[in-house]
Every structure is written in structure tokens, then in C-alpha cells.
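The next block holds one structure in the form of C-alpha cells; read it before the comments.
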2 protein chains.
Amino acid sequence: MADLLSVAKLAGVSRATAARAFSNPDLVRPATRERVFNAAQQLAFRPNKVAQQLRSQATQMIGVMVPSLDNPVFAEQLQAMEVAARASGYSLIVTTSEYSPSREGDIVEEMLRQRVDGLVLTVAEADSSAVLEKLRLEKTPCLLVYNPPGNSGFPSIGVDNRAASADATRYLITLGHQRIGMVAGPLLQSDRARQRFDGYCHAMREAGLIARPLVEMTRHTQADLKSLTPALQGPEALSAVICTNDLLAISLMGELQRAGFNVPGDLSVMGFDGIALGKHLYPSLCTIEQPRADIGRTAVHTLLAMIRGEKCTPAPLPHALRKGESVGIPASRKSTLSTL
Amino acid sequence: MADLLSVAKLAGVSRATAARAFSNPDLVRPATRERVFNAAQQLAFRPNKVAQQLRSQATQMIGVMVPSLDNPVFAEQLQAMEVAARASGYSLIVTTSEYSPSREGDIVEEMLRQRVDGLVLTVAEADSSAVLEKLRLEKTPCLLVYNPPGNSGFPSIGVDNRAASADATRYLITLGHQRIGMVAGPLLQSDRARQRFDGYCHAMREAGLIARPLVEMTRHTQADLKSLTPALQGPEALSAVICTNDLLAISLMGELQRAGFNVPGDLSVMGFDGIALGKHLYPSLCTIEQPRADIGRTAVHTLLAMIRGEKCTPAPLPHALRKGESVGIPASRKSTLSTL
DNA sequence: AGATGCAATGAGATCGATCTCATTTATTAG
DNA sequence: CTAATAAATGAGATCGATCTCATTGCATCT
């Protein structure tokens with residue numbers, strides 16, 4: 001690969017002048033500039049970013065770590081981040097952690113060695129994350145996405161999970177649901193899931209209803225009906241459930257329907273995330289829409305501001321309740337209505 | 001950030017020795033080595049990859065360009081690539097092209113400037129791609145994913161689209177379908193979609209059936225029922241359709257059901273890709289499963305081999321027919337069966 | 001003891017671009 | 001036409017790690 005020096009030689013100038021022809025053309029006499037450009041053309045010169053990065057002590061690279069790209073929520077956010085980053089001349093190094101703390105640690109260390117200009121992370125537990133603990137001592141700007149700000153000390157981009165979840169619950173209550181449950185992955189492992197459960201509990205209590213204990217599925221994004229069926233039987237059978245994420249909701253709907261339940265007739269199902277696909281299903285998924293693309297864009301712009309040295313305390317982004325066919329009026333209420 | 005030189009000074013050795021302590025510990029006396037390590041510890045030394053990259057003329061970075069991360073097919077492949085790459089000490093720079101030739105060009109140029117060790121690309125049309133044309137002149141290893149090998153001259157990882165599509169068609173025929181159509185995005189714009197249509201036509205002709213003209217939707221991954229309804233009416237109404245990708249199939253199912261059609265009762269719907277979500281829907285999506293994760297892994301391993309200088313002519317990966325509830329026995333045949 | 005050999009270390013160049021500062025060349029004023 | 005000023009260019013250092021080659025130190029052998 002031709003380097004600047006060979007271009008300079010061919011053009012009969014010094015490296016400095018050749019460099020200037022590109023970075024500061026006004027400082028170079030037009031005739032000289034042309035000779036340099038011609039030489040560059042002939043030699044198929046392509047500037048070496050690695051050398052520029054070393055010299056300038058800036059890589060124009062952002063390190064991104066998400067739990068998994070198999071969940072469209074992260075993929076859709078990443079898509080927007082990539083567009084925003086490139087529009088600003090930045091590239092993304094993308095990694096996935098699967099929420100494994102050791103992988104999180106390795107990944108971040110690797111990215112710091114790569115001297116990324118900043119980091120955008122989504123961790124399992126922002127408040128108790130070893131990797132964030134370590135990052136607190138570093139000067140590399142770091143931004144969280146989806147993780148609630150909490151007391152991690154890092155700025156965070158995302159919605160107000162508690163409020164969003166409360167909104168979802170209130171919506172179901174407004175429709176007449178009273179026996180509402182919440183379905184989550186195992187152990188309520190992420191800080192977000194916990195906040196969403198809190199919001200649910202809050203809205204239930206607020207309406208004078210009893211919040212049910214969490215229904216835990218064996219996997220984070222895939223429903224197993226067995227874990228839920230107990231809650232669907234007897235006089236206290238649930239009439240609606242809120243899932244802590246859309247994938248869980250979608251697979252739960254599938255399982256329910258396959259088992260002969262009607263959604264929303266027998267059980268209303270609500271999701272959380274707002275992945276694009278939910279809109280196109282039948283029944284379409286009623287869910288809380290997190291503005292994934294906006295979150296991604298905002299994350300990039302906020303991080304770039306931090307890289308420029310600005311202090312950032314981003315506000316939560318607005319969520320929206322996306323109505324959908326997976327939620328209906330509870331059977332009990334329907335019969336009441338029909339007797340009017 | 002502490003550099004090797006400061007570590008060396010603190011340890012009372014030269015840069016060369018300090019460097020050796022890390023890269024070639026056996027060449028350094030244990031006592032000296034310890035002093036270097038201690039110094040590194042104290043100064044929180046973190047090796048600078050940029051400098052290493054410049055010096056070694058290798059970045060251990062792979063440039064990845066996919067059309068979009070909003071389609072799980074690419075996200076799932078990327079997930080696997082990331083894991084495989086990191087396991088081999090490589091990082092991924094991830095970009096999205098939206099199939100725009102100008103963005104493709106910019107992206108690849110940018111990655112070449114970054115001196116990625118290799119490229120993994122998915123383009124719209126491998127045979128007529130300007131960016132591939134240019135890459136043919138470069139020495140940076142380049143690998144295609146999902147694009148049929150064709151005569152682009154680049155190795156390619158993916159399934160045999162024509163055969164896979166023919167298999168899908170034959171499966172429907174086996175079930176008794178005869179009026180089978182194919183549904184695609186606008187213009188049949190990708191080389192894959194075209195091959196899939198070819199395979200469909202081939203299997204139809206092979207069975208003595210007439211291949212219908214392609215039904216074009218206005219968008220690539222979202223169905224509009226209006227475009228399809230004409231084909232669902234009259235004596236020649238289709239009993240089954242194959243969509244060129246899963247997102248299209250899923251949204252089509254949704255639209256059909258919303259419009260009062262029964263799937264598969266009134267129309268069997270088949271997809272192509274095998275995204276994970278399809279399994280969990282109801283009706284579950286019958287589709288051709290491309291081994292997305294395997295494709296991603298193989299792409300990384302093949303590219304690494306190419307980087308090592310090996311010649312690679314990867315064979316197509318096996319596809320599989322994933323049966324699903326979205327496909328059933330045609331109504332005509334059912335009535336025949338019931339009269340037996 | 002002197003020579004031979006190996007182990008351990010250091011000095012300096014290198015990767016490619018860019019910045020500072022000095023120097024040369026061109027321009028304008030007097 | 002020369003002095004003063006501005007414009008254009010070059011020499012060399014720098015970013016951080018690593019490699020080659022030379023040198024020092026120590027031990028073994030005769």
C-alpha cells in the first residue's frame with residue numbers, strides 16, 4: 001500500500017507538504033497540490049487511519065457492548081447507532097456479552113486497549129457491575145443504554161421503566177382487568193426487569209388491586225406455558241399478563257394459542273420493548289414502545305458530546321403505549337357489558 | 001495513559017526489555033520481568049493496540065457490512081460472527097448499507113483506510129456491484145455472505161438458494177398444493193431473491209405445474225395485502241405462497257389473519273430464512289432455515305483462513321426445511337380426503 | 001587465565017501521518 | 001531595486017510498541 005512518503009517523492013515534495021495537501025490544502029500552492037493529488041492517484045494512495053489514530057491520539061471509534069444481537073431490541077438500537085455514528089465520522093466496534101460478567105470485563109479491557117474514544121454499554125446490573133466499577137477510574141467516556149441511571153454514576157439513555165410499566169398496568173386496569181400478572185425471565189435478573197415489576201406493583205396498589213407474585217419463566221426470551229398455567233386456573237385466574245420483554249410476550253402468545261387459549265379472549269398479553277415485528281403479528285402485540293432508534297441516536301450524540309468534554313445528564317426518553325390486538329376487554333367485564 | 005516507556009523507566013530497564021517482558025517473557029530474567037510487571041501494575045499500564053497495529057501492520061479487525069440490522073437474519077448472523085471473531089482475538093467493525101451503492105462504497109473505503117485485515121460483506125447484487133469491482137483490485141481478503149458466489153470472483157458463504165427454494169416448493173407440492181405463488185419485495189432486487197424465484201419456477205415446472213408470476217410487495221420486509229388479493233380470487237386462487245424472506249411471511253400472515261383469512265386454512269404461507277422468532281409464533285412459521293449462526297461462524301473462520309493466505313472455496317452450507325403450522329393441506333385436497 | 005558461547009539487555013530504526021519550527025521563495029512597498 | 005513581509009516548503013520530532021543487531025555479563029571449557 002502506497003504511503004504518503006512515496007506520494008511525496010513522486011510529487012517531488014516533502015512528506016509535510018504532501019500531508020498538508022490533504023489536511024490543509026490552502027497552505028499548499030495549487031500547482032503543488034495538483035502534483036500531490038496526481039501522485040496519490042497514480043499510487044492509489046489511501047491514508048492510513050491507524051497512523052492517524054496513533055498520531056492524533058483519537059480513534060474515532062466507539063465501543064459498543066450489548067447483551068445479544070438475537071434480541072431485536074438491541075439490534076434495532078444498534079442499527080440507529082451505526083447510522084448516527086457514521087454520519088459523524090465514527091465507527092462502531094460491536095461486541096456481545098450475553099450478560100456474562102467475565103466477558104463484559106474482557107470486552108471492555110479489549111476496547112480500552114484499542115483506545116476507543118468512548119463506550120456505550122448495556123449491562124445486566126448497573127449498580128453492581130464490576131466492569132462499571134473499573135470504568136469509574138478510567139477517563140474514557142462511558143454511557144449506559146437501557147440500564148436505569150441508578151447510582152452507577154454513569155449517564156444513561158433509556159425510558160423510565162417504572163413509569164412505563166405502570167402505564168402499561170394502568171391501561172389494562174382501565175380496560176377492566178383486575179387480575180393482572182407479570183411474566184419475566186428467570187430471577188428477574190436485569191435491573192430493568194426489576195424496575196418494570198416495581199412499576200407494575202405500584203400501579204396495582206394504586207388501583208387498590210393486589211399485585212401478584214412474579215411468574216418466572218425458565219428462559220429470558222422464551223415462554224414456557226407450564227410455569228404460567230397455575231396462574232390461569234381457579235377463581236383467581238389472571239385475565240391479563242405483562243411480559244418484561246416482547247420476545248417473551250410473543251412466544252407466550254404462541255404457546256397460549258397452541259394450547260387452545262384465545263388471545264386476548266382468555267388472556268390479554270402485553271409486551272415491553274416495542275420491537276418492530278410486534279406490529280405485524282396477529283394478534284398484533286400490545287406493548288410499551290421504547291424508542292429504540294431514538295435511543296440509539298441519542299446515545300451516539302450524547303457520547304460524542306461527552307467525548308468533546310461536555311457534561312451530560314440525559315433525561316429519560318419518552319415511552320409510548322402501543323395498542324394492539326393482543327389485549328382486549330376481560331371476559332368478566334364483557335359479560336357484564338352485554339347484560340346492560 | 002501510561003506507556004511502555006514509563007513502565008521501562010520505573011522498572012529501570014529499556015523499552016526493549018519492557019516490551020519483551022510481555023511479548024516474550026522467556027527472554028527476560030525472572031527478576032527483571034517481575035520488576036517490569038510491578039511497574040506496569042503501578043502505572044496501570046495498558047498496551048496500546050493502535051501502536052501495535054501500526055507496527056505489526058495488522059489490526060486484528062474484521063470489517064462487516066450488512067444491509068440492515070433490523071432484519072434478524074443479519075443480526076443473528078452477526079451475533080455468531082462476533083463470538084467467533086472474539087474467540088480468535090479479532091474485533092468487528094460493523095456497518096449497515098441499506099443496500100445503497102454509495103454507502104457501500106463509502107463504508108468499504110473507510111474500512112480499507114482503517115486497514116481491517118479482512119472484509120465480510122453482504123451486497124445487493126454480487127455480480128454487478130461497483131464496490132466488489134473495486135475490491136477485486138485490492139489485496140484485502142474479502143468474503144461474501146448470503147450472496148450467491150456467481151461470477152463475482154469472491155468466495156461466498158451461504159446456502160444454495162435455488163435448491164432451497166425448490167425444496168420449499170416441492171414440499172408444498174407434496175402436501176397437495178398446485179396453485180403456489182411466490183411473494184417478494186419490490187423489483188426482486190437482491191440476487192438471492194432472484195435465485196429463490198428461479199428455484200420455485202424450476203420445482204413447479206418439474207412437477208408439471210405452472211409457475212405464477214412473482215407477486216411484488218411494495219416493501220422488502222413488509223407485506224401489503226392489496227398486492228396479493230388479486231391472486232387469491234377466482235378459480236385460480238393460490239392455495240399457498242412462498243415469501244422470499246421471513247419478515248415478509250410473518251407480516252403477510254398477520255395481514256391475512258386480520259383480513260379474516262385463515263392460515264393455513266385459506267392460504268398456506270411459507271417463509272425463507274429461518275429467523276428464530278418464527279418458531280414461537282402461532283401459527284408457527286414454516287420456512288427454509290438458513291443456518292444463520294453457522295453461516296456467521298463459518299464466515300469468520302473462512303476469512304481468517306484467507307487472511308492467513310489460504311485459498312478458500314467454501315461449499316454452500318446445508319439448508320433445512322423447518323415445518324410449521326403456517327402450512328397445511330390445501331382445502332381442495334382436504335375435501336377430497338374427507339370424501340374417501 | 002583466556003577463550004568460546006549463550007543469556008540478557010540496550011540502542012536505534014521502523015510503522016505512517018502530522019505538527020512545530022526553521023528556512024526558503026515569492027510578493028509587495030518604499 | 002532592495003528591504004520587509006507573507007507565503008510555501010522542508011527537516012525533524014512525535015505518537016507507542018516491537019524488531020534487529022550490537023553489546024555486555026556470566027559461565028563453562030581447555
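Every chain is numbered from 1, with letters handed out A, B, ... down the list of sequences.
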In 5'-to-3' order, the base (B), backbone-only (S) or no-contact (-) status of each nucleotide in nucleotides 11-18 of chain D, using a 4.0 angstrom heavy-atom cut-off, is BBBBBBBB

Angle separating the five-pair end axes of the helix from C:dA1-D:dT30 to C:dG30-D:dC1, nearest 10°, is 50°

TODO: Give a yes-or-no answer on whether the side chains of A:Q77 and A:Q290 include a donor-acceptor pair shorter than 3.5 Å.
DONE: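 Short answer, no.
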
Practice item. Return yes if a side-chain donor-acceptor contact under 3.5 Å exists between A:D3 and A:N48, otherwise no. Key: no

- Using a cut-off of 6.0 Å, state whether more than 12 heavy atoms not belonging to B:K134 lie near its atom NZ.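 Atom NZ in B:K134 is crowded, with more than 12 foreign heavy atoms closer than 6.0 Å.
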
Whole-Å distance, A:L27 CG to C:dC21 P, equals 15 Å

Interatomic distance, CD@A:Q52 vs OG1@A:T59, rounded to 0.5 Å, equals 12.0 Å

Between B:T32 and A:R29, whichever has its closest DNA chain C nucleotide further toward 5' is B:T32

Margin query: As a quick check of understanding, evaluate side chain to side chain contact (heavy atoms under 4.5 Å, CB included) for A:D294 and A:R297, giving each step before the final call.
Written below: CA-CA 5 Å; A:D294 199 22; A:R297 268 190 303 273; 3.9 Å; yes

Got a list of side-chain donor-acceptor pairs under 3.5 Å for residues 60-75 of chain A, not counting sequence neighbours?
unit_1 : atom_1 : unit_2 : atom_2 : d
A:S68  : OG     : A:D70  : N      : 2.9
A:N71  : OD1    : A:V73  : N      : 3.0

Report task. Kindly say whether B:V145 contributes a backbone atom to a donor-acceptor pair with the side chain of B:T122 at under 3.5 angstrom? Result ->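 Between the backbone of B:V145 and the side chain of B:T122 there is a qualifying donor-acceptor contact (under 3.5 Å).
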
*Mind telling me whether B:Y99 and B:H220 have parallel, tilted or perpendicular rings, with 30° and 60° as the class edges?*
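Ring orientation of B:H220 relative to B:Y99: perpendicular.
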
